[in-house]
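Presented below is the structure to which this report refers.
Each chain gets a letter, A, B and so on, in the order its sequence line appears, and its residues count up from 1.
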There are 2 protein chains.
Amino acid sequence: MSPTIKVLLAEDQSMVREALAALLGLEDDIEVVAQVARGDEVLTAAREHAVDVALLDIEMPGCTGIEAAAQVHKALPAVKLVVLTTFGRPGYLRSAMEAGADAFLVKDAPAAQLAQAVRKVLAGERVIDPTLAAAALAEGANPLTDREREVLRAAADGSTNAELAAALHLSQGTVRNYLSTAIQKLAVRNRAEAVRIAREKGWL
Amino acid sequence: MSPTIKVLLAEDQSMVREALAALLGLEDDIEVVAQVARGDEVLTAAREHAVDVALLDIEMPGCTGIEAAAQVHKALPAVKLVVLTTFGRPGYLRSAMEAGADAFLVKDAPAAQLAQAVRKVLAGERVIDPTLAAAALAEGANPLTDREREVLRAAADGSTNAELAAALHLSQGTVRNYLSTAIQKLAVRNRAEAVRIAREKGWL
DNA sequence: GTCGTCGTATGACATCTGTCATCCGCCACT
DNA sequence: AGTGGCGGATGACAGATGTCATACGACGAC
């Protein structure tokens, strides 16, 4: 038997993080050698502990698990990357894959899949929920341009056009134009729905 | 030593649920005798397994952990209730307490507090984060009336006034009135902000 | 028995939002 | 050299949204 697999666990909610560590701790061949609660601590921790696999939640302070994945993939290409998320958003899957992730798991999958995924990525396999993969392919790429996305993201908290214009250094008319095109591309009828749909798809 | 404490675990994300079970399983005096993924399965499971403590997540399909807590509290008053949530929203704490909860934990608290809380509630203690308790008291009660809350909740997905009116069997004018008063009570400038603030406070 | 609050409704008004046509400069591609 | 997309802008217009005054019946508190 090979030496134990060294795993880094990145997840901001301590209780969940430590519970996942307990879960992985039950496996003989897996050892959680590092835990971090922020996206921007992933890279240094991965390097310091010479981990084999990094298990990354997406929603984290500092930076997202996807951004962290990209950093690790670039700096430590040998480290396998498992992205773990609450939301099975097709857009997330797409970005995770583009960031170099080897596995994409949703938190409502059975717990047993976690350890399995760790072993599989180490064996060179990729682990992706086929349903989600299909959904990601079916819905196509994010149709929003960079600016449209930025404006929509900024509008998500209920800011008015005037506030958005000031915050983004744009004219009010331009803000309205971007929101208007975003609304049309997403086939909805107002900015609130646009925000909701873009969020659901992981396009925000 | 008394017999092991029988715990029911209610949490919709399997991976998190099973991980928490693994965590509690490490404690000698605690046994997870039942797991459910839906709020509306809590009561029957609690009854069937004669549990001592029910550990309830708030965000669940079926019904919320808070509603489930109220049901259990009424039907099985001897069962101790621990509410566990991702969001430390003061309004949640308030409702949980009103529903008869004995402990209120946020998921970003250290994992060790979970088992401790289970033991404490069984000993008759109440477990509440003091910071959160202070916040809940400081911000006062939910200022929204039942109808205002319903309309705001329905408006959260970006529905237009016409759709809201149809869905709630109200006139469009009435919908606007409710949203307008809600907007004023929350001291914000439009429905989107009102939704955001009400959510943050746990008033939705 | 009156007062305040809630739920519901209307009408008028001002402002905000969404749409559309049109324009400019820039850059990439052919 | 021309085409097309993107970022940015303006102006006009229609419709949605937010505000306010006002009204009425129900109900609970005092």
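Across all strands, Arg176(A) comes closer than 4.0 Å to base atoms (heavy-atom distances). Within 4.0 Å of Asn177(B), counting heavy atoms only, lies at least one base atom of the nucleic acid. Thr145(B) comes within contact range of the sugar-phosphate backbone alone, with a heavy-atom separation under 4.0 Å but no base atom that close.
Candidate nucleotides dG7(D), dG18(D), dA9(D) were compared by shortest atom distance to the side chain of Ser171(A), and dA9(D) ranks first.
Rounded to a whole Å, the CG atom of Leu164(A) is 14 Å from the P atom of dG8(D). A straight line from CG of Leu179(A) to C1' of dA16(D) spans 15 Å, rounded to a whole angstrom. With rounding to whole Å, Asn161(B) atom CG is found 11 Å from dG15(D) atom C1'. Going from atom CG of Leu168(A) over to atom C1' of dA9(D) covers 15 Å, rounded to whole Å. Atom pair Lys185(A):NZ and dG5(D):P shows a separation of 11 Å (rounding to whole Å applied).
With respect to the salt-bridge test (charged N to carboxylate O, under 4.0 angstrom), the residues Arg119(B) and Asp29(B) qualify. Ionic pairing of Lys185(B) and Glu148(B) is present here: one or more N-O contacts between side-chain nitrogen and carboxylate oxygen are shorter than 4.0 angstrom. The pair Arg89(A)-Glu200(A) does not count as a salt bridge, with every side-chain nitrogen at least 4.0 angstrom from each carboxylate oxygen.
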Test salt bridge (Lys or Arg N to Asp or Glu O under 4.0 Å) on Glu11(A) and Lys107(A) and set out the steps. CA-CA 12 Å; Glu11(A) 153 73 53; Lys107(A) 284 185 188 167; 2.9 Å; yes
Please determine whether side chain to side chain contact (heavy atoms under 4.5 Å, CB included) holds for the pair Asp102(B) and Val127(B), giving the CA-CA distance in whole Å, both sets of side-chain angles, and the decisive distance to 0.1 Å. CA-CA 7 Å; Asp102(B) 300 283; Val127(B) 182; over 6 Å; no
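Comparing the start and finish of the helix from dG1(C)-dC30(D) to dT30(C)-dA1(D), five pairs each, the helix axis swings through 40°, to the nearest 10 degrees.
The backbone N or O of Val121(A) sits nowhere less than 3.5 Å from a side-chain atom of Glu125(A) that would complete a donor-acceptor pair. Checking side-chain atoms of Thr174(A) against main-chain N and O of Leu170(A) turns up no donor-acceptor pair under 3.5 Å. The main-chain N or O of Ala155(B) is never found under 3.5 Å from a side-chain atom of Ser159(B) such that the two would form a donor-acceptor pair.
The residue among Tyr178(B) and Asn190(B) whose nearest nucleotide of DNA chain C lies closer to the 5′ end is Tyr178(B). Along DNA chain C, the nucleotide nearest to Gln184(A) and the one nearest to Glu148(B) differ in position, and the one closer to the 5' end is contacted by Glu148(B).
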Kindly list each side-chain donor-acceptor pair under 3.5 angstrom involving residues 55-67 of chain A, sequence neighbours excluded, with atom names and distances?
unit_1, atom_1, unit_2, atom_2, d
Thr64(A), OG1, Ile66(A), N, 3.3
Thr64(A), OG1, Glu67(A), N, 3.1
Glu67(A), OE1, Thr64(A), N, 3.1

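Running 5' to 3' along DNA chain C, contacts with non-hydrogen atoms of chain A at under 4.0 Å begin and end at dT17(C) to dC20(C).
Checking the phosphate oxygens (OP1, OP2) of dG8(D), a side-chain nitrogen or oxygen of Arg147(A) falls inside 4.0 Å.
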